[in-house]
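What follows is a single structure, written as structure tokens, with notes after it.
Labels below follow one simple rule: chain letters A, B, ... track the order of the sequence lines, proteins then strands, and each chain is numbered from 1.
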2 protein chains.
Amino acid sequence: MAQRRELIKGTIDSLLLCLVVQQPMYGYQIIKELERRSQGYFKFKEGTLYPALHRLEKADLIQGKWQTLPSGRQRRYYHITEKGLYSLAAKRSQWLDFLAAMNLIIQPASD
Amino acid sequence: MAQRRELIKGTIDSLLLCLVVQQPMYGYQIIKELERRSQGYFKFKEGTLYPALHRLEKADLIQGKWQTLPSGRQRRYYHITEKGLYSLAAKRSQWLDFLAAMNLIIQPASD
DNA sequence: AATAACACCTAGTATAACTATGTATAATAT
DNA sequence: ATATTATACATAGTTATACTAGGTGTTATT
């Protein structure tokens with residue numbers, strides 16, 4: 001039924017690392033940015049994103065820092081760690097391996 | 001940690017349908033065939049495959065039929081149903097959509 | 001005679017995306 | 001003025017599914 005939900009599993013960490021490797025970002029921004037860059041495909045819920053960010057931080061792949069805007073509003077900016085950099089490279093590689101295997105099976109049926 | 005495990009989620013049904021659409025196959029054969037075609041990448045465990053086959057059969061996407069070999073050994077051959085054909089087409093399309101979205105984010109870093 | 005390969009099965013576990021809900025502020029609409 | 005939407009964070013509980021670990025029985029190989 002919700003194949004999309006399952007397809008996405010295992011890719012969120014890579015997606016998040018892909019974004020924060022370019023520049024530090026905060027949660028809400030990441031949700032919007034993923035939706036924008038994927039042309040509306042990725043619409044992560046907060047209940048998906050924040051736990052994922054906490055998981056990555058706990059694993060020392062990203063690190064968050066609170067920042068206070070002039071308005072007084074709080075944002076938690078995450079930036080990638082050195083360990084995160086290595087992890088991202090590994091995850092990208094794993095993704096490509098997976099993709100290659102999938103392509104071997106899911107050939108665009110010659111019809 | 002086990003990213004591979006999560007990556008695979010949501011794709012098994014498509015993989016199985018992809019195989020049985022070509023010819024009826026039985027469980028053990030599917031495991032071996034997926035490993036062969038993916039050049040060793042997919043090595044599904046029985047605890048993964050058989051429940052998946054049962055799930056697909058329950059959803060009326062495939063149908064199994066016991067066959068007895070001359071040796072007396074029993075095999076359950078699964079063939080795709082009409083509903084399975086439509087489902088496979090839909091899943092392939094969903095996979096391509098997902099892939100396109102992923103590619104927009106996981107660009108092979110220009111390095 | 002013992003091991004590996006064949007061929008099926010399932011109960012329980014782990015993981016992670018999501019639902020639903022909560023808090024609080026700023027901007028916009030009525 | 002007031003209500004709604006957008007911004008910004010958080011988490012407890014639900015659901016789905018790949019896997020672990022175990023089981024049954026047959027056939028082929030060492």
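A straight line from CG of A:Leu16 to P of C:dA16 spans 13 Å, rounded to a whole angstrom. Atoms CG (A:Leu7) and P (C:dA16) sit 16 Å apart, rounded to a whole Å. Rounded to an integer number of Å, the gap from CD of B:Glu6 to C1' of D:dA16 is 11 Å. Rounding to whole angstrom units, OH of residue B:Tyr41 and C1' of D:dA18 are separated by 13 Å. Distance, B:Phe44 CZ to D:dC19 P: 6 Å, rounded to whole Å. Remark: P of C:dA17 and CZ of A:Arg4 are 14 Å apart, rounded to the nearest angstrom. For the pair B:Gln3 CD and C:dA17 P, the computed distance is 10 Å after rounding to whole Å. Look at NZ on B:Lys9: it is 8 Å from P on D:dT17, rounded to the nearest Å.
Taking a 4.0 Å limit (strictly below) on heavy-atom distances, residues 56-67 of chain B reaches DNA chain C at B:Trp66. Remark: A:Lys32 in residues 30-39 of chain A come within less than 4.0 Å of DNA chain D through at least one heavy atom. Contacts between residues 21-29 of chain A and DNA chain D, defined by a heavy-atom separation below 4.0 Å, involve A:Tyr26, A:Gly27, A:Tyr28, listed by number. Listed by residue number, B:Arg73, B:Gln74, B:Arg75 are the residues of residues 68-75 of chain B with a heavy-atom contact under 4.0 Å to DNA chain C.
Residues forming a side chain to side chain contact (heavy atoms under 4.5 Å, CB included) with B:Leu85 (at least two apart in sequence, or on another chain): B:Val21, B:Ile80. Shown here are the side chain to side chain donor-acceptor pair (under 3.5 Å) partners of B:Ser87, two or more places apart in sequence or in another chain: there are none. Contacts of B:Ser93 classified as side chain to side chain donor-acceptor pair (under 3.5 Å), with partners at least two apart in sequence or in another chain: none. For B:Arg5, there are no side chain to side chain donor-acceptor pair (under 3.5 Å) partners, not counting sequence neighbours.
Pairs engaging residues 19-32 of chain A under the side-chain hydrogen bond (donor to acceptor under 3.5 Å, both in side chains) rule: A:Gln22-A:Arg37, A:Tyr26-A:Arg75 [sequence neighbours left out]. Applying the salt bridge (charged side-chain N to carboxylate O under 4.0 Å, His left out) test to pairs two or more places apart or on separate chains, those with a residue in residues 53-73 of chain B are B:Asp13-B:Arg55, B:Glu57-B:Arg76.
If you take CG on A:Leu19 and CG on A:Leu34, they are separated by 4.5 Å, rounding to the nearest 0.5 Å. For the atom pair CE of B:Met102 and CD1 of A:Ile8, the computed distance is 9.5 Å after rounding to the nearest 0.5 Å. Taken to the nearest 0.5 Å, the OG atom of B:Ser14 stands 7.5 Å off from the CD atom of B:Gln94. Within the model, atoms CG of B:Leu56 and CD1 of B:Ile62 stand 4.5 Å from one another, a figure rounded to the nearest 0.5 Å.
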Tabulated below should be each protein N or O lying under 3.5 Å from an N or O of nucleotides 10-13 of chain C; please produce it.
from, atom 1, to, atom 2, distance (Å)
C:dT10, OP2, B:His54, ND1, 3.3

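For the residue pair B:Thr81 and B:Gln63, no side-chain donor N or O sits within less than 3.5 Å of a side-chain acceptor on the partner.
Ring geometry for A:Phe98 versus B:Tyr41: interplanar angle of 30 to 60°, hence tilted.
Between B:Val20 and B:His79 the shortest side-chain heavy-atom distance does not fall below 4.5 Å. Side-chain atoms of B:Leu61 and B:Leu16, non-hydrogen and from C-beta on, never get closer than 4.5 Å to each other.
Between D:dT20 and B:Lys45, a contact under 4.0 Å exists linking OP1 or OP2 to a side-chain N or O. Between D:dA18 and B:Arg55, a contact under 4.0 Å exists linking OP1 or OP2 to a side-chain N or O.
Checking C:dA17, D:dC9, D:dC19 against every side-chain atom of A:Arg76, the shortest atom distance belongs to D:dC9.
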Using atom types as modelled, flag every donor-acceptor pair under 3.5 Å from a side chain in residues 43-54 of chain A to any protein atom, sequence neighbours excluded.
from, atom 1, to, atom 2, distance (Å)
A:Lys43, NZ, A:Glu35, OE2, 3.3
A:His54, ND1, A:Tyr50, O, 3.3

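The hydrophobic cluster containing A:Tyr78 does not contain A:Tyr86, counting ILVMFWY residues as joined when their side-chain heavy atoms lie under 4.5 angstrom apart, directly or transitively.
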